Every structure is written in structure tokens, then in C-alpha cells.
Amino acid sequence: ALSPSHTRPPSLSPLSLSSQDITACEPDSRVTLDANAAERAGRPSSAPSPTPDDPRFGEQWNLRAIRVPPAWAATGDLGTAAVRVCVVDTGVDVAHPDLAANIAVNPGEAAGRLLAAAARRAGKKDTPGGSPPAALLAPDGTDGDGNGIPDDIHGAAFLNGLASGDVTDDNGHGTFVAGVIGAVGNNALGIAGINQVSALIPCKFMDAGGGGWVSDAIRCWEYCLSRGAHVISNSWGGGAASAALRVGVAHAAERGVLLVTSAGNDAADTDATPHFPSTLPDDIILSVAASTQAGTLWPKSNYGQRSVDVAAPGEKVLSTGPGGGFITLSGTSMATPHAAGAAALVLQQFARLGWDLDTVPPAVGLGLQAKRALIKTARPLAAPPGMAKAPPLAGGLLDVAAALAAVPRPPASVAKAAPTLGSDPASLAAAVARPAGDTVFYSTPDGAVIGASELSEPGPRSRTAGAPYTGALANVLSGSG
């Protein structure tokens with residue numbers, strides 16, 4: 001990562017903000033991908049299956065290592081478009097044949113375009129019938145949902161302070177991450193994602209060289225929240241301690257949206273040497289180390305008893321690549337989407353058992369509960385050669401089958417089947433028509449949704465869910481720091 005002193009070039013114009021928009025004033029800093037630098041120089045989808053027919057599924061040792069196939073078989077949870085995962089990275093190849101069906105459509109942008117098309121037809125400025133779905137999803141320079149980001153039909157990009165809907169991945173890293181989380185399964189093509197069905201939301205803030213600004217990453221987080229994400233995947237890190245970054249984390253925590261972060265590739269104990277954002281002190285962060293095919297900690301991975309939560313495969317992992325291809329990479333960047341994908345499956349299990357996944361205030365999502373399920377059920381890492389025991393983590397190697405089995409049933413008084421909202425064009429009308437107030441919200445007075453169950457124990461970080469913010473973070477949130 002570049003040093004904190006490497007700040008935004010003065011030639012770039014600052015954003016126009018009023019004083020009440022400012023929560024922190026500090027130098028911006030650059031962050032980088034947490035991929036191993038040495039490795040970085042079909043037919044229509046059928047129903048998902050516990051035994052997918054994807055031709056390279058046999059090469060996906062990573063899914064077997066964290067017991068994804070047994071999780072699929074035991075629960076029938078193969079992924080759902082009702083759980084939205086935001087990929088904050090270098091963009092995503094949304095046309096990749098093994099990803100396209102699992103890229104979420106922004107219903108607000110699409111609805112705005114439909115309304116505009118209807119108005120044009122009413123004024124006889126358009127042909128009857130309007131545009132077909134393919135044309136509806138094509139970039140046209142308009143801002144259908146009025147959020148200030150033209151063409152964010154799939155996702156958004158924030159680069160050097162400028163916003164657009166162009167999520168083109170000119171690096172390949174974000175496309176890789178997306179494939180681990182949600183490559184289309186059982187479509188006789190390529191690989192299977194941990195979620196064979198998914199709703200992936202790309203948000204690009206890193207350039208072709210794999211670098212980006214913290215301020216743009218925070219804008220991505222806010223965009224993910226605006227799109228109703230349940231999980232946000234962050235395979236990057238570096239820069240300096242940041243008050244603004246803490247505010248961004250606090251916003252996710254208030255919504256119950258899980259921030260999955262890479263632990264970093266410095267072979268360092270991050271209890272002593274912090275890595276941002278993965279070591280920020282909030283329970284809504286799940287920090288992920290990388291493991292090897294032998295079940296040991298990857299030699300370059302960071303670790304930490306208090307600051308790193310779980311490990312996941314990060315050595316020679318196969319996933320989707322740019323231009324419709326497939327690539328193999330190593331690093332904690334590769335481990336992170338395994339945890340994000342696992343969290344999405346856990347949330348599907350919560351929904352199937354009757355929990356409400358809504359993250360729209362006053363509801364609070366179940367990101368913290370998904371995190372605790374993953375940590376409590378993780379298995380110990382094996383000791384590397386020549387060492388008596390593995391470097392310390394708060395948890396261990398992910399065990400997805402055990403995590404799904406640990407999800408409790410809700411109290412009868414709050415059980416509610418989560419609505420399923422598709423991401424395909426055919427379901428957009430339902431998304432637009434769905435009343436804003438038709439969801440039953442539930443939260444306990446102390447902010448803990450699972451309450452007295454086994455999963456309600458506080459996590460390893462310093463802030464318990466529902467507790468007030470204190471100290472420096474409270475000053476930042478109140479505008480005094």
C-alpha cells in the first residue's frame with residue numbers, strides 16, 4: 001500500500017460539499033488490492049444444484065475446503081437474489097457469461113427509464129411497445145432514479161471523486177471476487193460460485209493499476225447501502241487510520257450490513273500493526289486471512305487474535321476473469337469473497353427459517369449474526385511446517401455447512417418469511433410496485449436480533465451490537481472531531 005502522505009493530486013477538483021455534509025477533514029489516502037502481486041502481472045442457466053455440472057467445478061478445491069457442497073446438500077441453500085452482495089473493487093465484467101445472470105439490476109434506475117419511455121410513448125415520441133429489456137439495460141446517459149449517477153443500471157463507479165455507472169473492470173480483480181461469491185452454478189460453464197444464484201452489485205473505486213482513494217471507497221459503501229446490500233466485500237486495504245473510514249463503518253453498522261475485509265498480505269500480526277479497514281474496532285467488520293490447500297495459514301497472510309476473525313482459501317484459487325475467461329490468483333483478496341459468499345448463504349438460511357433480512361431503517365440487518373455464526377463454527381487451522389501451532393485468529397478456517405446448521409429459528413412472535421426479489425428484468429415491475437411499508441420490522445431494545453441464543457455472545461472487537469459509540473468515533477459522528 002502507498003504511504004498515507006500520498007494524497008489526492010491538487011489538479012483534481014474537490015467535491016462540492018456544504019458544511020453540514022462534512023464529518024471529518026483529513027488527507028485522503030490511497031489503498032491497494034490485497035492480491036498476490038506476483039500472480040497479477042454457454043448455455044442458458046439451469047436450476048442450481050448441490051452437484052453442479054460446471055466443467056471446472058472439480059478444480060475448485062476451495063469450495064470443498066470450507067465445506068460448501070455439504071452445506072448445499074444439507075440445507076438446499078444454493079443462493080438467492082434476495083440476498084444482495086456488493087463488490088467494492090475494480091469493477092466487474094457484468095457481461096461475463098458465468099456472471100451476467102447474477103448481476104443485480106438497479107430497480108430504481110430501470111423504473112425511471114420505464115416511466116420515461118411511457119411518457120415518450122404518451123407524447124407519441126416513441127414507438128408503441130417501448131424498448132426491449134436488452135435496450136432497457138444498455139447505457140444511455142440518463143439518470144433514471146435521480147441519484148446523480150447516470151447509467152447505474154448494474155452498479156456505480158467512484159474514481160478520483162467522479163461518479164458514473166461505468167463498472168468496467170480494467171484490472172480483473174473485481175471480476176475474480178465476484179465469481180467466488182456468485183458465479184452462476186449448474187450452467188455447464190466454467191465454475192460455480194458459493195452462491196449459485198446471487199444478486200451482485202458492483203461498485204468500482206480502484207483503477208486499472210489496483211489503487212484507489214479511501215474517500216471513493218466510502219462513497220461506494222454508501223452506494224451499496226442505498227442499493228439495499230446485505231453484505232459488502234472489500235478485498236483491499238492500506239492507507240492510514242481514518243476518521244472518515246470509521247464513519248463509513250458506523251453507517252454500515254447502523255444498518256446491520258456486514259463489511260467483509262481482507263486482512264492483508266504482510267505476514268504481520270495486525271493486533272500490533274494495524275491494517276485498514278480490517279482492524280477498525282467495530283463488530284460489523286469480518287476480517288479474513290488466507291489459507292492454503294493444506295489447511296494452514298498462507299505464508300504471506302496477516303493474522304491476529306483480536307483483529308483477524310476467520311481464514312478462507314487464498315492460495316491458487318480459480319475464479320472468473322476479464323473477457324469471459326477464468327484465472328487463478330492468491331492472496332487475502334481471494335480469501336475475502338469466500339467469507340462474503342458464506343455470509344450470504346448464512347443469511348439465506350436465516351431467511352428460510354423465518355428471520356427478516358431487511359436493512360432499511362428502522363430495521364437492522366443480520367450481518368452481525370451471520371458473522372458470529374461463521375466465527376463460532378470455524379475449524380482450527382493446521383500448524384504450518386516447522387511450527388507447533390497455527391498463528392492466532394479469533395476464529396479459524398470457515399466451515400460453511402456448520403455455520404448454516406448453527407442458524408437458530410426465530411421466536412414465533414417475530415418469524416416472517418423474507419420476500420424474494422429477483423434481479424432479472426422480468427421482476428422489475430414487482431420491485432417497483434412493492435409498497436415501501438409492507439415489511440414487518442423487528443429489533444430488540446438492545447439491538448441484538450438473536451437475543452438469548454448461542455450466537456448472541458459479543459464478538460472479539462471492542463463495540464457490542466447496539467451499544468452507543470464512544471470516544472473519538474462519537475466526536476466524529478457529532479461533528480466535533
Side-chain angles (χ1 to χ4, degrees), residues 31 33 35 79 81 83-110 137-139 143-145 147-159 162-184 193-195 197-208 210-213 216-236 252 257-262 319-325 327 333-334 336-337 340-341 344 423-425:
V31 291
L33 300 172
V83 178
R84 294 173 288 278
V85 183
C86 204
V87 177
V88 177
D89 213 286
T90 62
V92 172
D93 179 1
V94 298
H96 193 293
D98 218 5
L99 290 174
N102 283 348
I103 303 296
V105 170
N106 179 357
E109 184 77 10
L137 302 182
D143 182 11
D145 57 2
N147 66 354
I149 308 170
D151 290 328
D152 66 321
I153 195 71
H154 293 119
F158 301 97
L159 289 170
L162 302 177
S164 77
D166 183 3
V167 296
T168 301
D169 185 2
D170 45 12
N171 177 282
H173 187 272
T175 299
F176 182 103
V177 167
V180 173
I181 297 168
V184 179
I194 294 173
N195 299 266
V197 177
S198 188
L200 299 168
I201 303 170
C203 193
K204 175 176 180 172
F205 85 103
M206 306 186 101
D207 55 27
W213 297 102
D216 289 332
I218 295 168
R219 296 179 76 190
C220 267
W221 287 354
E222 296 296 331
Y223 179 80
C224 296
L225 296 179
S226 76
R227 289 284 304 274
H230 299 90
V231 179
I232 302 177
S233 183
N234 305 275
S235 288
W236 49 271
V257 175
L258 185 62
L259 289 169
V260 185
T261 61
S262 53
S319 188
T320 45
I327 55 177
S333 273
M334 289 63 248
T336 300
S423 61
D424 56 291

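Worth saying up front: this structure is predicted, and the values here are computed from it rather than measured. Along the sequence shown, residues are numbered consecutively beginning with 1.
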Any donor-acceptor N/O pair, [X] side chain to [Y] backbone, under 3.5 Å:
{"X": "Lys204", "Y": "Val92", "value": "no"}
{"X": "Asn102", "Y": "Ala199", "value": "no"}
{"X": "Arg219", "Y": "Phe205", "value": "no"}
{"X": "Asn195", "Y": "Val197", "value": "no"}
{"X": "Asp93", "Y": "Ala95", "value": "yes"}
{"X": "Asp152", "Y": "Gly155", "value": "no"}
{"X": "Ser333", "Y": "Ser235", "value": "yes"}

Does the side chain of Ser233 reach to within under 4.5 Å of the side chain of Asp89, using non-hydrogen atoms? no
A side-chain contact here means heavy atoms from C-beta on lying under 4.5 Å apart; do His173 and Met334 qualify?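 Yes; the side chains approach each other to less than 4.5 Å.
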Can you give me the closest heavy-atom contact between [X] and [Y], atom names plus distance?
{"X": "Gly182", "Y": "Leu200", "result": "O-CD1, 3.9 Å"}
{"X": "Ala229", "Y": "Val257", "result": "O-CG2, 3.3 Å"}
{"X": "Ile201", "Y": "Ala104", "result": "CG1-CB, 4.0 Å"}
{"X": "Ile149", "Y": "Glu109", "result": "O-OE1, 4.2 Å"}

Decide yes or no on side chain to side chain contact (heavy atoms under 4.5 Å, CB included) for Thr336 and Trp236, but give the supporting numbers first. CA-CA 9 Å; Thr336 300; Trp236 49 271; over 6 Å; no
Walk me through it: do Ser226 and Asn147 pass the test side chain to side chain contact (heavy atoms under 4.5 Å, CB included)? CA-CA 10 Å; Ser226 76; Asn147 66 354; 5.5 Å; no
Under 3.5 Å, is there a donor-acceptor pair between the Thr168 and Asp166 side chains?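 Yes, a side-chain donor-acceptor pair sits under 3.5 Å.
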For Ile327, check side-chain contact (heavy atoms from CB on, under 4.5 Å) against everything at least two apart and list the hits. Phe176, Pro322, Leu329
Testing Val180, Val231, Ile232, Ile181 for side-chain contact (heavy atoms from CB on, under 4.5 Å) with Val87, which one passes?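 Among Val180, Val231, Ile232, Ile181, the one that satisfies the side-chain contact (heavy atoms from CB on, under 4.5 Å) with Val87 is Ile181.
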Steps toward side chain to side chain contact (heavy atoms under 4.5 Å, CB included) verdict (Cys203, Val167): CA-CA 7 Å; Cys203 193; Val167 296; over 6 Å; no
Consider side chain to side chain donor-acceptor pair (under 3.5 Å). Of Asp98, Asp169, Thr320, Thr90, which one does Thr175 pass it with? Asp169
Across all chains, not counting sequence neighbours, the ring pair (Phe, Tyr, Trp, His ring centres under 6.0 Å) partners of His96 are Phe326
Determine whether Asn171 and Asp207 satisfy the following criterion, side chain to side chain contact (heavy atoms under 4.5 Å, CB included), listing intermediate values before the conclusion. CA-CA 7 Å; Asn171 177 282; Asp207 55 27; over 6 Å; no
For the residue pair Phe158 and Trp213, is the inter-centroid distance of their aromatic rings smaller than 6.0 Å? no
